Amino acid sequence: MRNIFLVLKREYLVRVRKKSFIVMTLLTPLLIAAFYGIIIWAAVGSFNNERKTIQVIDESGLFKNKFKSDANTTFEFISGPIATAQKQLKDKEQNLLVFIPADIMERPKGVQIYAAKNIGPMQQNRIEKIVQQELRNIKLSKAGITQQVIEEANMNVDAQTFSLNDEGKTQSSSTIAAYVAGYAAAFLLYIFILIYGAGVMQGVMEEKSNRIIEVIISSVKPFHLMMGKILGVAAVGLTQFLLWGILTFGVTTATQTLFGFNRFTATQEVLNKQAEQADPELKKEMEKSQSNTLNTVNTFMESAQSLPLAQIFICFIFYFLGGYLLYSSLYAAIGASVENQQEAGQFTFPIMLPIIASIFFAQLSINQPDGSLAFWTSMIPFTSPVVMMARIPFGVPAWEIALSMVLLVMGFVGTTWLAARIYRIGILMYGKKVNYKELSKWIFYKG
């Protein structure tokens, strides 16, 4: 144990003292903040600066006053031949031209949209929705259904979700909050296992190619060396993850405090500015939409509090360590068996397959967290870290979590034994190309 700790300490200190570690640890929260800032700036800039004029030729005469202008779009009804309007459109790159034929009721797919360059999908969907809604209203009116009945029929259903605890009591829950938490935890685990597992392999390969390993192995057993490297990189990963969380929270809090700014209020200000410049009817619709959005956000934040945050955090740490230790032991064995990155490719691909598959299974499990696929993939050690983290926010029985953890520990012990058998031979093997047949011999080699 003392030798493992010494190797762990050396591996940890060497990595955390690197300039790349310090720079990336400090820069990542700033890059995340800058990323969100650029998105908000781009969104605000596009709202304020990109104004389009959409000309409409309505030969049917059914859509007058149906296209409502707003702060960024002006609808202009024109008359005349379509060919003339097309020629004038070439000189106005930001403009669009909509042609509605006289027989639109009989030929609803006859609407044509012209642009000097390309047509954005949002603009196309907006125009199609307006035409589709009006055609539906006209047909319903002809069938004897009044406009009032049509408006009353357009009802939004927003179901409230509740979960039952072990005592049978109900508490508010949010499927969206559980989905976001589950997918975020699963994706983070997936990324960390890939990055730090491959880091172990790279470190072993570098020491082997530099012949440093020959000096180290003279005083440390191969198994102790492998475990020390694995645990050392795991400590580096946890340190970096913890620092990222603290720095990201600090940068976000400082930004909001100093500038009185956050992405929700920024978006709200943009929407308010749009509503002020819109006509009364559209303004009413926008205010209703804003109110619904704010209610959704508030409901989401309240429901997120019902999530088992402590359980999610504890399980995240356990599955991070378990999944990382399982895969990093195999990566260490590969690093000891090969001498360059090209040779490592044929061995790393089979290891990466279950990691990649686990994120796919996690997405399916989020839709059916209690299904048989979710259950079995959260028990298999190679996929359980990612899949189980996707399920936990939805509520998983304690016995399933316990069984999954036990199987993960057993899987780690098994892969560590397997990797150690390969590592002790491969670490001192030079000048020989290794294949799967050779690796199988190393596993059963006595001595």
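This structure is a prediction, so every number in the text was calculated from the model and none was measured.
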Quiz item: Is there a side-chain contact between Val387 and Met379, using heavy atoms and a 4.5 Å cut-off?
Solution: no

Quiz item: Between CZ of Phe412 and OG1 of Thr415, what distance do you get to the nearest 0.5 Å?
Solution: 6.5 Å

Quiz item: What do the steps show when you test Leu96 against Tyr114 for side chain to side chain contact (heavy atoms under 4.5 Å, CB included), and what is the final call?
Solution: CA-CA 6 Å; Leu96 297 177; Tyr114 300 91; over 6 Å; no

Exercise. Could you check Gln363 against Phe361 for side chain to side chain contact (heavy atoms under 4.5 Å, CB included), going step by step and ending with a plain yes or no?
Key: CA-CA 5 Å; Gln363 294 176 351; Phe361 290 137; over 6 Å; no

Quiz item: Distance from Gln133 atom CD to Glu128 atom CD, nearest 0.5 Å?
Solution: 14.0 Å

Practice problem: Using a cut-off of 6.0 Å, state whether more than 12 heavy atoms not belonging to Gln368 lie near its atom CD. | Solution: no

Self-check item: Val14 side chain near Arg10 side chain, heavy-atom distance below 4.5 Å
Solution: yes

Quiz item: Just wondering, more than 12 heavy atoms not from Trp376 lying within 6.0 Å of its CH2?
Solution: no

Quiz item: For Leu325, which of Thr416, Val413, Ile230 qualifies under side-chain contact (heavy atoms from CB on, under 4.5 Å)?
Solution: Ile230

Quiz item: Roughly how far, to the nearest 0.5 Å, is CE of Met227 from CD1 of Ile4?
Solution: 6.0 Å

Quiz item: Any donor and acceptor pair, going by atom type alone, linking the side chain of Tyr327 with main-chain N or O of Phe382 inside 3.5 Å?
Solution: yes

Quiz item: Between Pro350 and Pro354, what is the shortest heavy-atom contact and its length?
Solution: O-CD, 3.1 Å

Exercise. Would you give the length of the straight line joining atom NZ of Lys229 to atom OG of Ser329, rounded to the nearest 0.5 angstrom?
Key: 14.5 Å

Quiz prompt | Side chains of Met352 and Tyr331 in contact at under 4.5 Å (non-hydrogen atoms) | solution = yes

Quiz item: Is it the case that more than 12 heavy atoms not belonging to Phe187 sit under 6.0 Å from its CZ atom?
Solution: no

Quiz item: Quick one: are Leu321 and Leu238 in side-chain contact, heavy atoms under 4.5 Å?
Solution: yes

Quiz item: Any side-chain heavy-atom pair from Ile356 and Tyr190 closer than 4.5 angstrom?
Solution: yes

Quiz item: Can you list every pair that meets salt bridge (charged side-chain N to carboxylate O under 4.0 Å, His left out) and has a residue in residues 181-194, with sequence neighbours left out?
Solution: none

Practice problem: May I ask you to test the Lys18-Val23 pair for a side-chain heavy-atom distance under 4.5 Å? | Solution: no

Would you tabulate the side-chain donor-acceptor contacts of residues 388-409 under 3.5 Å, counting partners in other chains and residues two or more places apart, or write 'none'?
residue	atom	partner	partner atom	Å
Arg391	NE	Pro369	O	2.7
Arg391	NH1	Ser378	OG	2.8
Arg391	NH1	Glu400	OE1	3.2
Arg391	NH2	Pro369	O	3.1
Arg391	NH2	Glu400	OE1	2.9
Ser404	OG	Tyr319	OH	2.9
Ser404	OG	Ser378	O	2.7

Quiz item: Would you say the side chain of Ile351 lies within less than 4.5 Å of the side chain of Ile334, judging by non-hydrogen atoms?
Solution: yes

Self-check item: Distance, nearest 0.5 Å, that separates CG of Leu326 from OG of Ser384
Solution: 8.0 Å

Quiz item: Of all heavy-atom pairs between Ala332 and Val200, which one has the smallest distance, and what is that distance?
Solution: CB-CG1, 3.8 Å

Quiz item: What residues form a side-chain hydrogen bond (donor to acceptor under 3.5 Å, both in side chains) with Gln311, not counting sequence neighbours?
Solution: none

Exercise. Measure the spacing between CG of Asn137 and CD of Gln132 and express it to the nearest 0.5 Å.
Key: 10.5 Å

Exercise. Please examine the side chains of Val233 and Tyr324, heavy atoms only from C-beta on, and report whether any two atoms are closer than 4.5 Å.
Key: yes

Quiz item: Thr383 side chain to Thr377 main-chain N or O, any donor-acceptor pair under 3.5 Å?
Solution: yes

Quiz item: What's the shortest heavy-atom distance between Thr239 and Tyr12, and which atoms?
Solution: OG1-OH, 3.0 Å

